[in-house]
Amino acid sequence: MAYQITIAQNPIIQTKYTADPAPMVYKDTVFLFVGCDEKDAPSNRYLMREYRLYTTTDMVNWTDHGAPLKTSDFSWSVGDASAGQCIERNGKFYFYISTMNKNVRGVSIGVAVADSPYGPYKDALGKALITNNMTTDAKHSYDDLDPTVFIDDNGQAYLYWGNGVCYWAKLNDDMVSINGPITAYNKNDQSIFGKGFTEAPWIHKRNKLYYLTYASGFPEDIHYSTSKSITGPWTYKGVVMPLEKGSNTNHPGIIDYKGNSYFFYHNDGLPGGHSYCRSVCIEKFKYNKDGTIPEMKMTNGIQEAVATLNPYKKNEAETIAWSEGITSESDKKIGNFITSINDNDYIKVRNVDFGKKGPNKFLATTSSRYQGGLIEIRIDSRDGELLGILNTSYTGEWGNWKKHSVDVKPVIGIHDIYFIFHGGKPHELFNFDYWQFSEL
Ligand code: FUB
């Protein structure tokens, strides 16, 4: 693999292929739920089995929390994890997903519930919430796809969803049953959808204006409509993101966080990527004065962090701004960790505040079956100033985790950190769980 010095922040996750972003702001954190395109997906169909969760408080470093929901958690699912979205209500977290239903012809919408945004999520009903709602407009069996959920200021919750038809319905206060009729919008209604509605609706509200953002055409680009009411009438407003890179789908998610607005989407931007191995990206944007959304291009991503990272607390190795070569895994004992580490792979962590005194020691927890290896700790670039080199040494087995520490140079102020891994071949070097500096 050829390694590059990069300023890229897109795609935001490099350790997995991710798709269908559904960001949720809860308290001071962005929770990003995504589908996971398996790396061995064929080049002509989806292979998705789980929904993964990543969080950030600075918009540049993302922490991997594994897969709090899998399609195997729904006894009625065939096993395909199509898009979903999670929302909080009264301290519970409701995760609406779409998946092929074993019991009926076609895709259905299910809902899982958890007491924490990190899960574990459990199927709330033991059956689908919405199933095979084929109207005469739909004419196909995967119209119940891509749920987006929204709770209005008066507490009324709504579900929008659809492929080829855009549906909406009210949810009851229990969030796991539908209240009243389902309304269908024709995909060819130009006053709502311009050149047409394909799939992937995303509902949000800003300054009393409701936004319905969706994928249009195929290959897909992203368009939007607005309304003064969540139930319409909707007025077509234009393109959010035109078609650019190779993925034949795109999928929007929009939030405001710490005073900025962010547009989440996916493309095929990672090495080896294609229409079924996609990657989530983000653009920061500013609404126009009249509330319209500017047209966006796919870029290198967010350059300015909105918070610093504290190196003197325990930081998970799977908190990453950029990485090359590695991937992540979970186990019951220690949770999520970084694995598949080979010579020259690296992790970059951004906007780390070493304060006025600086560190004197660096500690990391690793495990290794074959050999262990070295972690070079550098700042600001892959060949930047060297703070120290940690020898992680052999721990006997992948399941034996040990702490190792080394003296480091007392750098002060805010820097990006690079952990660059070195060691011999032919085996993977070690697994990496967490790290921490001690302050002078
Ligand atoms: O990830 C599977 C499907 O691709 C989603 O349901 C669509 O929105 C498209 O992104």
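Start at 1 and go down the list; that is how both ligands and their atoms are numbered. Nothing here was measured: the structure is a model prediction, and the numbers come from that model. Here, residue 1 is the first one in the sequence, and each next residue gets the next number.
Where the criterion is an N or O separation shorter than 3.5 Å, residue side chain and backbone included, Glu220 fails it with respect to ligand 1. Considering backbone and side-chain N/O atoms, Arg278 comes within less than 3.5 Å of an N/O atom of ligand 1.
Relative orientation of the Trp62 and Phe264 rings is perpendicular, given thresholds of 30° and 60° on the angle between their planes.
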| task | Determine, stepwise, if the pair Asp137 / Lys187 fulfils salt bridge (charged side-chain N to carboxylate O under 4.0 Å, His left out). | result | CA-CA 8 Å; Asp137 284 336; Lys187 70 170 180 178; over 6 Å; no

| task | Kindly determine whether Lys122 and Asp73 satisfy salt bridge (charged side-chain N to carboxylate O under 4.0 Å, His left out), including the steps that lead there. | result | CA-CA 7 Å; Lys122 290 214 168 70; Asp73 296 323; over 6 Å; no

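What sits closest to atom 8 (O) of ligand 1 on the protein, heavy atoms only, is Asp146 OD2, 2.6 Å. Nearest to atom 10 (O) of ligand 1 among the protein's heavy atoms is Asp20 OD1, 2.6 Å. Given atom 9 (C) of ligand 1, the protein heavy atom at minimum distance is Glu199 OE2, 3.4 Å.
In summary, the aromatic rings of Tyr214 and Trp202 are positioned with their centroids too far apart to meet the 6.0 Å limit. The ring of Tyr158 has its center no closer than 6.0 angstrom to the ring center of Phe150.
Under the ring pair (Phe, Tyr, Trp, His ring centres under 6.0 Å) criterion, Tyr51 pairs with Phe95, not counting sequence neighbours.
Per-residue contacts place Ala200 under 4.0 angstrom from the following atoms of ligand 1 (heavy atoms of the residue considered): 8 (O). Set against the non-hydrogen atoms of His266, the atoms of ligand 1 under 4.0 Å away are 10 (O). Those atoms of ligand 1 with a heavy atom of Ser82 less than 4.0 angstrom away are 6 (O). Against a heavy-atom cut-off of under 4.0 Å, Ala83 is close to the following atoms of ligand 1: 6 (O).
Residue Leu145 touches ligand 1 through its side chain alone, judged by heavy-atom distances below 4.0 Å.
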Which pairs would a plain distance check flag for residues 20-36, meaning a side-chain donor or acceptor within less than 3.5 Å of a matching protein atom at least two apart in sequence or in another chain?
from	atom 1	to	atom 2	distance (Å)
Asp20	OD1	His251	ND1	3.2

